[in-house]
Amino acid sequence: MNTYIVLLILLALSVLNFTLGKKRVLAAVNGDMAGLHSLPNHYGWFAVIFSLTPSLFILFIWMVSHGHIIDTILIEKIKATYGALSDFEINVHLSDIRNLANNDAVSVAISPELREAADYYDKLRVNSFWAAALLAFGIMLGASAYIAKLITPTLRARNHIEQAVRFVLVASSTIAILTTIGIVLSLLFETMLFLQHVAIDDFLFGLKWSPQTALRADQVGSSGSFGALPLFAGTLFITFIALLVAGPIGLLSAIYMTEFASDRIRTIAKPVLEILAGVPTVVYGFFAALVVAPAIRDFGTYVGLDVASESALAAGLVMGIMIIPFISSLSDDAITAVPQSMRDGSLALGSTKTETMLKVLLPAALPGVVSAFLLATSRAVGETMIVVMAAGMAANLTANPLDAVTTVTVQIVALLTGDQEFDSAKTLSAFALGLALFIITLCLNVVALYVVRKYREEYE
Amino acid sequence: MNIQAADTNITTDREPKMQARRVNVFYGDTHALKDVNLDIYADEVTALIGPSGCGKSTFLRCLNRMNDTVASCRVKGVMTLDNEDIYSKQVDVVQLRARVGMVFQKPNPFPKSIYDNVAYGPRIHGLARKGDELDEIVFTSLQKAGLWDEVKDRLDTSGTALSGGQQQRLCIARAIAVNPEVILMDEPCSALDPIATAKIEELIDELKGHYAIVIVTHSMQQAARVSQKTAFFHLGNLVEYGDTVEIFTNPQEPKTKDYITGRYG
Amino acid sequence: MSKPEDLEKGSKLPQPTAWKSNEMLKRVKGRYRSEGRFKAMGFAAICAAIIALVLLVGSIFLTGIAGFSQTYVKLDIYFDPAVLEEIQTSSGEDLENAFISANYAKLTQDSLRKLFPEVKSRREVFRLFQFVSPGSRTQLQNIVREDPGVIGKTQSLWILAADDVDMFVKGKISRNVAQSDRKVSDLQIGWIDSLSADGRLVKRFNWRFFSSGDSREPELAGIWGATVGSFYTLLVTLIVAFPIGVLAAIYLEEFAPQNKITDIIEVNINNLAAVPSIVFGLLGLAIFLNVFQFPRSAPVVGGLTLALMTLPTIIIAARAAIKAVPPSIRDAATGLGASPNQVVFHHVLPLSMPGIMTGTIIGMAQALGETAPLLMIGMVAFVVDIPQGIFDASTALPVQIFLWADSPERAFVEKTSAAIIVLLAFLVTMNGLAIWLRQKFERRW
């Protein structure tokens with residue numbers, strides 16, 4: 001028996017509740033609907049909502065918490081069996097026990113203790129499930145009985161349902177807030193743990209990034225250094241190259257599309273920009289690695305320059321192509337938002353279209369254009385796949401676009417893919433980088449949205 | 001270009017500043033103006049009146065080719081400025097619009113300083129060689145527009161910060177600054193309160209004589225107050241054109257009479 | 001500033017500007033020249049964008065088209081009873097084992113040796129055996145399973161060639177390169193040439209690419225596993241994000257009071273829409289994997305993570321669609337005595353559904369192309385099996401592309417491009433559907 005079946009039974013009970021609630025209230029008024037406060041269906045829904053919700057809640061709580069509770073119990077048991085162990089060793093034992101219970105591959109020979117522990121783990125799992133399922137059923141039945149008493153013709157079932165619906169609506173719109181809180185809390189929590197290993201100024205201003213740490217104290221290997229400055233520099237460098245490409249192209253095409261282009265050119269160019277915006281970043285990354293980087297390297301060899309195979313230029317160039325549609329569509333919006341009367345006023349004074357654009361429209365649209373650039377910057381800073389596939393891994397501090405640099409996102413991916421123990425400084429540093437990334441992009445977005453908001457007010 | 005005066009119903013020995021002959025305007029399939037003939041004289045105010053959608057604004061926008069900016073608009077017929085066809089290839093639209101200035105229905109100062117608003121036109125046309133000359137033009141224009149005393153201490157504040165009437169006078173100053181020969185006004189007071197309207201009318205009166213002025217207005221009283229010639233448009237036709245006094249006291253066409261007595265409009 | 005003259009009323013007309021002067025004409029000419037320059041710059045910018053797109057799509061199509069075909073070699077396979085003896089003698093569970101463990105490679109090897117009896121040295125023989133893909137074993141196994149009567153007979157079969165042979169046949173490996181610089185030796189080229197002269201080599205449409213999961217061998221690798229993974233992931237995303245997004249939009253648009261909290265929610269949604277996707281991946285890793293202990297690499301976690309990421313898109317689109325329903329509809333329903341909930345759920349929501357669907361499909365298309373968050377929650381594992389449900393380990397299409405792009409084998413380049421073509425086809429279809437929906441149900445009020 002698994003969770004699905006429990007859910008199915010709960011749903012079946014709900015259907016029963018629905019019909020019972022409806023029948024009960026109709027019987028009470030002898031089928032005369034006029035004697036009811038709400039429609040019969042409302043009483044049915046009332047019964048369903050207030051019996052199903054608490055039992056589902058119990059199941060949810062079990063789903064989220066049972067793993068942790070069982071882990072805690074197991075860890076106590078491991079400690080009792082093996083004596084004092086490091087966190088790492090405890091984790092190894094824990095995963096061995098789990099794997100054995102799941103009939104997966106186990107890293108060590110199966111000892112009787114291990115077998116016993118696995119059985120114990122299995123027993124805990126099964127028992128906790130049954131406890132939760134029985135509790136859910138109990139609550140369902142209890143609530144049903146209580147509701148049966150509540151349902152009378154004078155019960156304001158519709159109002160209660162509307163309140164429940166309103167609650168669901170509010171809850172849905174707070175998910176967005178909860179997501180933000182979740183992001184901030186999880187990043188902060190792991191970053192705090194990281195900062196116990198590494199001082200904050202070493203992290204923010206250190207010049208050396210080599211996160212390889214030894215798993216055990218007696219292993220040989222570097223102790224790891226977490227100076228993230230080269231990563232920030234690399235990120236900004238690639239972003240800068242991208243803006244150098246996308247800024248002029250995006251802005252000029254927006255200008256051309258709004259003021260100069262014939263309908264024919266517009267019908268070609270608009271879909272082109274939309275397609276560029278819709279291409280997944282992994283495709284851009286592949287393009288950068290397959291076409292652009294080799295082309296730049298070959299060209300470099302041809303003119304006698306030493307180009308790294310994963311040059312910052314290649315990644316920045318392709319990232320620039322990716323953000324062209326951002327800049328152009330947001331700038332387009334900003335320029336078209338300038339009232340037509342500005343355009344007319346300028347043209348009526350005898351200015352050319354170019355003069356109107358450069359001296360009237362663009363200055364008037366400047367806040368919108370600035371926010372377009374800020375949003376594009378934020379996008380480029382947070383972009384992952386292009387740099388993962390086309391930028392390097394080595395944390396170089398350089399201003400040569402032909403050298404390889406690495407970025408914050410590249411390192412996050414490198415640190416968190418593959419098998420890692422979760423609470424080493426190495427993996428935790430990924431969260432610290434993530435927090436930095438989140439803060440930087442958040443600031444850019446907030447400023448951009450603020451600028452746009454202010455600017456809209458001016459014309460409203 | 002030589003056009004026979006006999007084409008019009010007005011006989012005069014003066015040379016008109018602008019002339020329209022058999023002007024037809026189409027917006028896509030809509031025939032917005034039908035065979036309009038009209039003369040505009042340099043030292044007069046010409047008022048264009050008529051009910052909404054009668055084509056008076058369309059006609060006004062033909063005079064400085066602002067209709068060029070509307071893609072679906074086609075203009076047929078002849079329009080001249082100083083006997084030169086303004087729709088011919090030789091005429092440069094940029095220069096034409098400098099010579100025929102325009103003031104719009106809603107005040108539309110640029111979101112720049114008052115000074116830069118007025119200096120914008122002279123700058124793009126290169127009318128001032130030195131900073132002093134530009135200062136001079138800005139000063140004169142603001143003075144002519146009757147705005148100087150109100151703004152002389154705050155030339156570097158934004159033009160959008162002024163009141164509606166002040167903004168409209170700023171737009172007039174802006175138009176004057178490029179030294180136009182004709183000024184077109186498209187219902188310049190429709191967005192203004194009565195006091196601001198009175199000031200603008202006063203200003204039009206003062207500018208008369210310096211520039212040929214063509215004004216589109218919804219208000220017959222305004223037409224009667226400020227203009228010397230009045231043209232009555234109806235459904236794209238120029239119904240009647242003549243001295244303002246004549247039109248308002250003794251209209252020849254029954255349609256004109258009905259309109260000015262308020263039977264429709 | 002000096003006081004200008006001629007300001008009194010009724011004075012002479014001001015002197016007109018000398019527009020016809022040479023100086024003025026030259027100036028106007030200059031202004032038009034700079035207009036021309038500016039226009040050319042704008043046009044060049046558009047062209048740059050178009051060229052970038054053509055290069056991007058063109059290069060992927062050119063490399064990817066080859067990925068849809070695969071080279072097969074015709075071999076006369078003798079189903080040697082000596083090799084397949086165990087299958088004939090055993091039964092029950094032993095038979096199953098015999099089927100699996102039989103030395104099918106020997107059958108192809110014998111056949112190859114018969115074709116090229118002159119190959120003698122161990123090294124060359126070893127090379128020769130590498131001519132066919134390891135996948136040929138499964139192919140032969142299936143034939144024997146279907147009809148054990150084939151044992152002892154000889155059949156002429158098209159056997160999947162190895163990836164190097166495939167690359168050479170497709171011209172991806174040039175014979176003009178020095179032998180040391182290419183993966184196919186002169187000897188192998190000789191074999192390919194002689195087989196091809198006999199009509200024993202053929203390129204066929206690569207159905208396997210659409211029906212199998214990932215593999216270390218490029219000629220065996222397919223995208224079906226990743227496609228199914230993407231499907232399950234998007235299913236979870238849709239089930240979670242669609243109702244929550246629509247309900248949130250309804251609340252914000254129809255019920256939310258104008259206050260600070262509503263304001264915060266709105267700003268928050270706008271900001272969330274611009275948070276880098278990899279941060280959502282970190283969130284999924286920290287919350288769904290570490291706190292909730294969901295299985296790693298499973299579509300359920302990927303789906304939940306992408307749902308949180310897509311939520312702002314759906315909310316924003318749904319709000320716009322709801323806002324477009326005119327107030328008169330609400331007034332009419334309210335006037336008939338409908339409660340606020342009934343107004344929304346009976347009238348406003350159905351009318352705004354096309355707009356909401358359009359926004360949702362576009363959000364789903366974004367989620368389909370998203371890679372970085374899935375890397376964070378471990379959907380990068382090498383998964384051969386086709387996932388059977390949302391809790392199975394799997395990858396997704398874009399992740400598969402990422403994995404193949406990282407593979408060193410030459411033949412994976414065209415597979416990667418082919419997978420990208422498939423992904424783009426999905427995206428084009430989804431966006432086309434959204435456009436179609438918008439045009440079909442667009443209502444002008």
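All values derive from a computational prediction rather than experimental measurement. Chain identifiers are assigned alphabetically (A, B, ...) following the order of the sequence lines, protein sequences preceding nucleic acid strands; residue numbering begins at 1 within each chain. Quick note: numbers below take in every heavy atom, side chains included, and nothing from hydrogens, waters or symmetry partners.
- When atom types are taken as modelled, the side chain of C:E35 and the backbone of A:K353 share a donor-acceptor pair closer than 3.5 angstrom.
- With a 4.5 Å cut-off on non-hydrogen atoms, A:R158 touches chain C through its side chain but not through its backbone.
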Run the side-chain donor-acceptor check on residues 42-61 of chain C: report pairs under 3.5 Å with partners two or more places apart or on a different chain.
from: C:S59; atom 1: OG; to: C:L55; atom 2: O; distance (Å): 2.9
from: C:S59; atom 1: OG; to: C:L56; atom 2: O; distance (Å): 3.1

>> Please determine whether side chain to side chain contact (heavy atoms under 4.5 Å, CB included) holds for the pair C:L283 and A:T179, giving the CA-CA distance in whole Å, both sets of side-chain angles, and the decisive distance to 0.1 Å.
In response: CA-CA 8 Å; C:L283 172 76; A:T179 308; 3.9 Å; yes
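- Residues A:E274 and C:N431 have side chains not in contact (no heavy-atom distance under 4.5 Å, counting atoms from C-beta outward).
- Contacts classified as salt bridge (charged side-chain N to carboxylate O under 4.0 Å, His left out) and involving residues 264-273 of chain C (residues at least two apart or in different chains) are given here: C:E266-C:R319.
- Between A:F286 and C:D406 there is no side-chain heavy-atom pair separated by less than 4.5 Å.
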>> Before you tell me yes or no, could you show the steps for C:F292 and A:M63 under side chain to side chain contact (heavy atoms under 4.5 Å, CB included), namely the whole-Å CA-CA distance, both residues' side-chain angles and the distance that decides it to 0.1 Å?
In response: CA-CA 7 Å; C:F292 289 1; A:M63 260 175 74; over 6 Å; no
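- Heavy-atom minimum distance, A:S172 versus C:L247: OG-CB, 3.4 Å.
- For A:V388, the part sitting under 4.5 Å from any heavy atom of chain C is the side chain, from C-beta outward, and nothing else.
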Throw together a table of side-chain donor-acceptor distances under 3.5 angstrom for residues 269-282 of chain C, partners on residues two or more places apart or in other chains.
from: C:N271; atom 1: ND2; to: C:V267; atom 2: O; distance (Å): 3.4
from: C:S277; atom 1: OG; to: C:E370; atom 2: OE2; distance (Å): 3.0

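- Interface with chain A: from residues 418-426 of chain C, residues C:I420, C:L423, C:L424 qualify, criterion being any non-hydrogen pair under 4.5 Å.
- Using a 4.5 Å cut-off between heavy atoms, A:L449 touches chain C through its side chain atoms alone.
- Counted within 6.0 Å of OH on C:Y32, heavy atoms from surrounding residues, nucleotides or ligands total more than 12; the atom is thus considered enclosed.
- For A:L185, no part lies near chain C; criterion is any non-hydrogen pair under 4.5 Å.
- For A:V291, the part lying near chain C is the side chain, with the backbone staying farther off; criterion is any non-hydrogen pair under 4.5 Å.
- Proximity of C:F255 to A:R166: side-chain heavy atoms (C-beta onward) are separated by under 4.5 Å at one or more points.
- Contact of A:L178 with chain C is not made at all, since no heavy-atom distance falls under 4.5 Å.
- Interface check for chain A: of the options C:I244, C:V399, C:I401, the most heavy-atom pairs under 4.5 Å are formed by C:I244.
- Between A:I412 and C:M376, some side-chain heavy-atom pair lies under the 4.5 Å cut-off.
- Side chains of C:F38 and A:T352 form no contact here, defined as non-hydrogen atoms less than 4.5 Å apart.
- If you measure heavy-atom distances from A:I268 to chain C, the contacts under 4.5 Å come from the side chain alone.
- From A:I175, atom CD1 reaches atom CD1 of C:I315 across 9.0 Å, with rounding to the nearest 0.5 Å.
- With a 4.5 Å cut-off on non-hydrogen atoms, A:L435 does not touch chain C at all.
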